[in-house]
Amino acid sequence: MNDTIFGKIIRREIPATIVYEDDEVLGFKDIAPQAPVHVLFIPKQVHVPTLDDLTPDQATLVGKLVLAAAHYARHEGFADKGYRVVMNCRDDAGQTVYHIHLHLLAGAALGHFGAPGG
């Protein structure tokens with residue numbers, strides 16, 4: 001059983017502001033947004049702790065997260081201005097919930113990123 005906070009959100013055991021859902025992906029607003037728009041997209045049916053834990057037969061899972069984020073960006077009208085998608089893997093990259101997820105950030109000029117300690 002997936003007892004992460006994301007598993008509890010999937011099972012509706014704790015509240016979340018859900019903005020996207022299909023059979024395989026759930027999208028909800030981040031509780032500590034890093035941009036005016038900050039939505040997390042997670043797989044609903046499969047619990048994979050990190051990107052490093054993915055197996056070749058799960059490759060389409062990441063594609064479905066990306067496609068869901070792109071669909072949401074177009075639907076919400078900010079795709080033309082731009083958005084960023086990020087997936088963190090483990091502690092040094094900033095992963096805090098060990099259930100793979102994709103961050104969609106938008107709604108402002110996001111600038112450059114990736115500097116250590118930045």
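Each residue takes its place number in the sequence, starting with 1.
- Screening residues 90-99 for side-chain hydrogen bond (donor to acceptor under 3.5 Å, both in side chains), with sequence neighbours left out, gives Asn2-His99, Asp52-Arg90, Asp91-Tyr98.
- Between His103 and Asp30 there is a side-chain heavy-atom pair separated by less than 4.5 Å.
- Using a 4.5 Å cut-off on side-chain heavy atoms (C-beta onward), Leu26 and Ile18 make contact.
- Val66 is not listed as a side-chain neighbour of His71, based on a closest heavy-atom distance of 4.5 Å or more.
- For Phe41 and His101, the gap between ring centers reaches or exceeds 6.0 Å.
- Side chains of Ile100 and Val46 form no contact here, defined as non-hydrogen atoms less than 4.5 Å apart.
- Residues Ala106 and Gly82 come closest through the heavy atom pair CB-O, 3.9 Å.
- Here Lys64 does not pair with Asp23 in a salt bridge; the nearest charged N to carboxylate O distance is not below 4.0 Å.
- Taking the side chain as every heavy atom from C-beta outward, Leu67 and Leu65 never approach each other to under 4.5 Å.
- Pro43 approaches Leu61 most closely through the heavy-atom pair CB-CD1, 3.3 Å.
- Taking the six-membered ring where tryptophan is involved, the planes of Phe78 and Tyr83 are perpendicular, since the angle between them exceeds 60° and thus also 30°.
- Smallest separation of non-hydrogen atoms from Pro33 and His38: CA-ND1, 3.5 Å.
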Verify side chain to side chain contact (heavy atoms under 4.5 Å, CB included) between Arg11 and Asp3, making sure each step is shown before the conclusion. CA-CA 10 Å; Arg11 294 188 302 274; Asp3 283 330; 3.7 Å; yes
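- Between Ala16 and Ile9, the closest heavy-atom pair is CB-CG2, 3.7 Å.
- With respect to the salt-bridge test (charged N to carboxylate O, under 4.0 angstrom), the residues Lys81 and Glu76 do not qualify.
- With rounding to the nearest 0.5 angstrom, the CG atom of Asp53 is 7.5 Å from the SG atom of Cys89.
- Open room surrounds CD1 on Ile31; 12 or fewer heavy atoms of other groups in view lie less than 6.0 Å from it.
- Side-chain contact between Val39 and Phe28 is absent, with no heavy-atom pair separated by less than 4.5 Å.
- When the side chains of ILVMFWY residues are joined at heavy-atom separations under 4.5 Å, either directly or via intervening members, Ile42 and Leu51 end up in two distinct hydrophobic clusters.
- Using a 4.5 Å heavy-atom threshold, the side chains of Leu40 and Leu102 count as separate.
- Of the possible donor and acceptor atoms, none in the side chain of Thr60 sits under 3.5 Å from a partner among the backbone N and O of Gly63.
- Hydrophobic cluster membership differs between Val62 and Ile10, with clusters built from Ile, Leu, Val, Met, Phe, Trp and Tyr side chains linked at under 4.5 angstrom.
- Around atom CD1 of Ile5, no more than 12 heavy atoms belonging to other residues, nucleotides or ligands sit under 6.0 Å away.
- Panel note: side chain Arg84, backbone Gly111; a donor-acceptor pair is recorded below 3.5 Å.
- For the pair Leu54 and Val48, the tightest heavy-atom approach, listed with the atom from each and the gap, is N-CG1, 3.9 Å.
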